Chemist: 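Attaching a single structure in C-alpha coordinates format; questions to follow.
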Amino acid sequence: MVGITELIKRLDLKSHPEGGYFKETYRSKEEIDKQGLNSDYDGKRNYSTCIYFLLTSETFSAFHKIKQDEIWHFYDGSPIELHIISQTGDYSKYVIGRDFSNGEVPQFIVPGNHWFAAKVIRENDYSLAGCTVSPGFDFSDFVLPSRNELIAQFPQHQQIIVEFTNA
(Lines give C-alpha, C1' and ligand atoms only; values in the text may rest on other atoms or scores of the structure.)
Protein backbone atom coordinates (compact mmCIF):
# COMPACT_ATOMS: atom_id res chain seq x y z
CA MET A 1 0.00 0.00 0.00
CA VAL A 2 1.29 3.45 -0.92
CA GLY A 3 1.62 5.90 1.98
CA ILE A 4 0.02 9.35 1.97
CA THR A 5 3.31 11.19 1.36
CA GLU A 6 4.16 8.89 -1.56
CA LEU A 7 0.65 9.29 -3.01
CA ILE A 8 0.91 13.09 -2.86
CA LYS A 9 4.27 12.87 -4.63
CA ARG A 10 3.20 10.32 -7.28
CA LEU A 11 0.06 12.26 -8.20
CA ASP A 12 1.86 15.63 -7.93
CA LEU A 13 -0.79 17.01 -5.56
CA LYS A 14 -0.70 20.53 -4.11
CA SER A 15 -2.45 22.05 -1.07
CA HIS A 16 -6.00 23.22 -1.76
CA PRO A 17 -7.41 26.41 -0.14
CA GLU A 18 -10.42 24.48 1.26
CA GLY A 19 -8.14 21.79 2.78
CA GLY A 20 -6.64 18.60 1.45
CA TYR A 21 -4.62 18.25 -1.74
CA PHE A 22 -5.49 18.40 -5.43
CA LYS A 23 -4.25 18.30 -9.00
CA GLU A 24 -6.20 19.28 -12.07
CA THR A 25 -6.18 16.30 -14.42
CA TYR A 26 -8.45 17.56 -17.18
CA ARG A 27 -9.63 20.87 -18.62
CA SER A 28 -11.51 20.70 -21.91
CA LYS A 29 -10.00 22.71 -24.74
CA GLU A 30 -13.46 23.82 -25.82
CA GLU A 31 -15.16 26.71 -24.04
CA ILE A 32 -18.65 28.03 -23.47
CA ASP A 33 -18.95 31.73 -24.33
CA LYS A 34 -20.48 34.05 -21.74
CA GLN A 35 -23.63 34.28 -23.88
CA GLY A 36 -24.11 30.52 -23.41
CA LEU A 37 -23.95 30.75 -19.60
CA ASN A 38 -26.41 32.22 -17.14
CA SER A 39 -25.78 35.67 -15.68
CA ASP A 40 -24.04 34.24 -12.58
CA TYR A 41 -20.86 33.74 -14.61
CA ASP A 42 -18.48 36.59 -15.32
CA GLY A 43 -16.85 35.18 -18.45
CA LYS A 44 -16.43 32.06 -20.53
CA ARG A 45 -15.83 28.60 -19.02
CA ASN A 46 -14.37 25.37 -20.27
CA TYR A 47 -16.95 22.67 -20.92
CA SER A 48 -15.60 20.56 -18.07
CA THR A 49 -12.74 20.15 -15.60
CA CYS A 50 -11.61 17.29 -13.36
CA ILE A 51 -9.25 16.99 -10.41
CA TYR A 52 -7.77 14.42 -8.08
CA PHE A 53 -8.71 15.36 -4.50
CA LEU A 54 -7.05 13.84 -1.45
CA LEU A 55 -8.10 14.26 2.16
CA THR A 56 -6.32 12.79 5.18
CA SER A 57 -7.53 12.15 8.72
CA GLU A 58 -5.65 15.31 9.72
CA THR A 59 -7.41 17.50 7.14
CA PHE A 60 -10.94 18.31 6.08
CA SER A 61 -12.57 20.09 3.19
CA ALA A 62 -14.00 23.28 4.71
CA PHE A 63 -17.48 24.48 3.84
CA HIS A 64 -17.41 26.20 0.47
CA LYS A 65 -19.55 26.45 -2.64
CA ILE A 66 -19.18 26.81 -6.37
CA LYS A 67 -21.74 27.82 -8.99
CA GLN A 68 -21.60 24.51 -10.84
CA ASP A 69 -22.72 21.01 -9.95
CA GLU A 70 -19.72 19.00 -8.71
CA ILE A 71 -19.55 15.25 -9.21
CA TRP A 72 -17.46 13.35 -6.64
CA HIS A 73 -15.96 9.99 -7.70
CA PHE A 74 -14.56 7.72 -4.97
CA TYR A 75 -11.26 6.02 -5.78
CA ASP A 76 -9.44 4.68 -2.72
CA GLY A 77 -9.00 4.73 1.05
CA SER A 78 -11.50 5.58 3.73
CA PRO A 79 -15.08 6.45 2.87
CA ILE A 80 -15.80 10.19 2.79
CA GLU A 81 -18.47 11.93 4.85
CA LEU A 82 -19.95 14.76 2.80
CA HIS A 83 -22.01 17.52 4.48
CA ILE A 84 -24.29 19.78 2.44
CA ILE A 85 -26.34 22.87 3.29
CA SER A 86 -28.71 23.93 0.53
CA GLN A 87 -29.45 27.52 -0.46
CA THR A 88 -32.62 27.33 1.67
CA GLY A 89 -30.75 25.95 4.71
CA ASP A 90 -31.63 22.26 4.46
CA TYR A 91 -28.82 20.08 5.86
CA SER A 92 -27.94 16.61 4.56
CA LYS A 93 -25.09 14.12 4.99
CA TYR A 94 -23.90 11.40 2.59
CA VAL A 95 -21.16 8.79 2.60
CA ILE A 96 -19.11 8.23 -0.53
CA GLY A 97 -17.29 4.91 -0.67
CA ARG A 98 -17.51 1.30 -1.80
CA ASP A 99 -19.51 -0.39 0.97
CA PHE A 100 -22.75 -0.52 -1.00
CA SER A 101 -24.48 -2.78 1.55
CA ASN A 102 -24.15 0.05 4.11
CA GLY A 103 -25.54 2.74 1.82
CA GLU A 104 -22.26 4.17 0.55
CA VAL A 105 -22.23 5.38 -3.04
CA PRO A 106 -19.17 5.54 -5.32
CA GLN A 107 -20.33 8.76 -6.97
CA PHE A 108 -22.30 11.73 -5.69
CA ILE A 109 -23.42 15.04 -7.21
CA VAL A 110 -23.33 18.20 -5.10
CA PRO A 111 -25.76 20.71 -6.65
CA GLY A 112 -24.36 24.08 -7.65
CA ASN A 113 -24.55 26.90 -5.09
CA HIS A 114 -24.89 24.47 -2.17
CA TRP A 115 -22.39 24.76 0.69
CA PHE A 116 -20.45 21.55 1.24
CA ALA A 117 -17.66 20.11 3.37
CA ALA A 118 -16.05 16.68 3.67
CA LYS A 119 -13.89 14.52 5.91
CA VAL A 120 -12.22 11.14 6.03
CA ILE A 121 -14.25 8.74 8.19
CA ARG A 122 -11.52 6.34 9.40
CA GLU A 123 -8.70 7.49 11.66
CA ASN A 124 -5.12 7.40 10.34
CA ASP A 125 -6.29 7.05 6.76
CA TYR A 126 -6.83 9.00 3.57
CA SER A 127 -9.54 9.34 0.95
CA LEU A 128 -8.73 9.74 -2.73
CA ALA A 129 -11.51 11.05 -4.92
CA GLY A 130 -11.99 12.76 -8.23
CA CYS A 131 -14.17 15.82 -8.72
CA THR A 132 -15.69 16.74 -12.08
CA VAL A 133 -17.24 20.16 -12.68
CA SER A 134 -19.29 21.38 -15.64
CA PRO A 135 -19.20 24.11 -16.81
CA GLY A 136 -15.52 23.92 -15.94
CA PHE A 137 -14.17 25.15 -12.61
CA ASP A 138 -12.77 28.65 -12.27
CA PHE A 139 -11.59 30.07 -8.94
CA SER A 140 -13.85 33.09 -9.51
CA ASP A 141 -16.77 30.66 -8.92
CA PHE A 142 -15.32 29.47 -5.58
CA VAL A 143 -16.55 30.90 -2.26
CA LEU A 144 -14.82 29.97 1.01
CA PRO A 145 -16.72 31.81 3.76
CA SER A 146 -15.56 32.61 7.25
CA ARG A 147 -17.11 30.66 10.08
CA ASN A 148 -19.02 33.75 11.25
CA GLU A 149 -20.41 34.48 7.77
CA LEU A 150 -21.81 30.97 7.43
CA ILE A 151 -23.20 30.87 10.98
CA ALA A 152 -24.92 34.23 10.37
CA GLN A 153 -26.59 32.73 7.30
CA PHE A 154 -27.46 29.35 8.89
CA PRO A 155 -27.48 29.70 12.72
CA GLN A 156 -29.44 26.44 13.02
CA HIS A 157 -26.35 24.57 11.72
CA GLN A 158 -23.77 26.24 13.96
CA GLN A 159 -22.37 22.97 15.35
CA ILE A 160 -21.57 21.42 11.97
CA ILE A 161 -20.33 24.76 10.60
CA VAL A 162 -17.86 25.11 13.49
CA GLU A 163 -16.61 21.57 12.84
CA PHE A 164 -15.93 22.28 9.15
CA THR A 165 -14.66 25.86 9.03
CA ASN A 166 -11.51 27.57 10.19
CA ALA A 167 -11.82 30.25 12.87
Side-chain angles (χ1 to χ4, degrees), residues 13 15-26 37-41 45 47-167:
L13 304 176
S15 292
H16 197 288
E18 77 197 43
Y21 305 89
F22 82 107
K23 178 182 181 179
E24 186 174 273
T25 57
Y26 175 74
L37 298 166
N38 69 38
S39 62
D40 290 343
Y41 295 93
R45 295 291 182 275
Y47 288 160
S48 180
T49 55
C50 190
I51 64 169
Y52 286 133
F53 188 62
L54 177 80
L55 287 173
T56 69
S57 301
E58 290 77 40
T59 61
F60 61 85
S61 170
F63 270 109
H64 64 287
K65 71 176 179 177
I66 62 174
K67 296 174 183 175
Q68 306 89 326
D69 293 347
E70 182 169 319
I71 306 167
W72 284 60
H73 314 267
F74 183 80
Y75 296 142
D76 195 29
S78 169
I80 299 166
E81 194 175 84
L82 189 66
H83 302 268
I84 300 174
I85 301 174
S86 74
Q87 294 173 295
T88 58
D90 295 322
Y91 168 79
S92 52
K93 179 174 78 171
Y94 302 90
V95 178
I96 305 169
R98 291 191 295 245
D99 189 351
F100 309 128
S101 62
N102 281 321
E104 294 175 12
V105 295
Q107 186 180 85
F108 186 82
I109 300 168
V110 177
N113 288 307
H114 283 49
W115 299 100
F116 61 105
K119 76 172 187 175
V120 172
I121 292 177
R122 292 193 301 249
E123 290 185 28
N124 303 314
D125 209 343
Y126 69 88
S127 299
L128 179 63
C131 297
T132 303
V133 176
S134 180
F137 178 81
D138 186 286
F139 268 104
S140 67
D141 303 327
F142 178 79
V143 180
L144 184 66
S146 73
R147 176 177 291 166
N148 290 338
E149 288 171 326
L150 209 50
I151 289 172
Q153 191 171 353
F154 303 109
Q156 71 274 30
H157 301 305
Q158 180 172 347
Q159 183 176 349
I160 197 76
I161 290 169
V162 167
E163 186 177 345
F164 291 101
T165 53
N166 298 308

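Small disclaimer: the values here were computed from a predicted structure and weren't measured. Residue numbers count from 1 along this sequence.
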Chemist: Rounded to the nearest 0.5 Å, how far does NZ of K23 lie from CG of L54?
Modeler: 13.5 Å

Chemist: Which heavy atom of L55 sits nearest a heavy atom of F60, and at what distance?
Modeler: CD2-C, 3.7 Å

Chemist: Please round to the nearest 0.5 Å and tell me the distance separating atom OH of Y75 and atom CD1 of I80.
Modeler: 10.5 Å

Chemist: For the pair V95 and L82, evaluate side-chain contact (heavy atoms from CB on, under 4.5 Å) and give the outcome as yes or no after the intermediate values.
Modeler: CA-CA 6 Å; V95 178; L82 189 66; over 6 Å; no

Chemist: For H64, is there any backbone N or O sitting under 3.5 Å from a side-chain donor or acceptor partner on E18?
Modeler: no

Chemist: Do D138 and S140 have side-chain N/O donor and acceptor atoms under 3.5 Å apart?
Modeler: yes

Chemist: Starting at CZ of F154, measure out to OH of Y91 and round the result to the nearest 0.5 Å.
Modeler: 13.5 Å

Chemist: Between S134 (side chain only) and G136 (backbone N and O only), is there a donor and an acceptor less than 3.5 Å apart?
Modeler: no

Chemist: Roughly how far apart are F63 CZ and I85 CD1, rounded to 0.5 Å?
Modeler: 4.0 Å

Chemist: Inspect the surroundings of CZ in F74 and state if more than 12 heavy atoms from other residues, nucleotides or ligands are less than 6.0 Å away.
Modeler: yes

Chemist: Taking distance alone, no hydrogens or angles, what donor-acceptor pairs closer than 3.5 Å link side-chain atoms of residues 105-124 to residues at least two apart or in another chain?
Modeler:
residue, atom, partner, partner atom, Å
Q107, NE2, H73, ND1, 3.2
H114, ND1, G112, O, 3.1
R122, NE, D125, OD2, 2.9
R122, NH2, G77, O, 3.3
R122, NH2, D125, OD2, 2.9

Chemist: Determine the minimum heavy-atom distance between S127 and P79, stating which atoms define it.
Modeler: OG-O, 3.7 Å

Chemist: Evaluate the side-chain proximity of Y52 to C131: yes if any heavy-atom separation is below 4.5 Å, no if none is.
Modeler: no

Chemist: Tell me if a side-chain donor or acceptor on H157 pairs with a main-chain N or O of G89 at a distance below 3.5 Å.
Modeler: yes

Chemist: Is a side-chain donor or acceptor of T59 paired with a backbone partner of G19 at a separation under 3.5 angstrom?
Modeler: no

Chemist: State, to 0.1 Å, how close C50 and T132 come at their nearest heavy-atom pair, and which atoms those are.
Modeler: SG-OG1, 3.4 Å

Chemist: Quick one: are E24 and T49 in side-chain contact, heavy atoms under 4.5 Å?
Modeler: yes

Chemist: Which atom names give the shortest non-hydrogen contact between F22 and S15, and what distance separates them?
Modeler: CE2-O, 3.6 Å

Chemist: Quick one: closest heavy-atom pair of Y126 and L128, and the distance?
Modeler: CD1-N, 4.0 Å

Chemist: With a 4.5 Å limit on heavy-atom distance, are the side chains of S48 and Y26 in contact?
Modeler: yes

Chemist: By salt bridge (Lys or Arg N to Asp or Glu O under 4.0 Å), which residues pair with D69, not counting sequence neighbours?
Modeler: none

Chemist: Name every donor-acceptor pair, under 3.5 Å, that has one atom in a side chain of residues 158-167 and the other anywhere in the protein, sequence neighbours excluded.
Modeler:
residue, atom, partner, partner atom, Å
T165, OG1, R147, NE, 2.9
T165, OG1, I161, O, 2.6

Chemist: With a 6.0 Å cut-off on the ring centroids, do H16 and Y21 count as close?
Modeler: no

Chemist: Do R45 and D141 sit within salt-bridge range, that is, some charged N less than 4.0 Å from a carboxylate O?
Modeler: yes

Chemist: Establish, from distance only, whether the side-chain atoms of S92 and D90 form a donor-acceptor pair under 3.5 Å.
Modeler: no

Chemist: Nearest 0.5 angstrom please: E70 CD to I51 CD1, how far?
Modeler: 6.5 Å

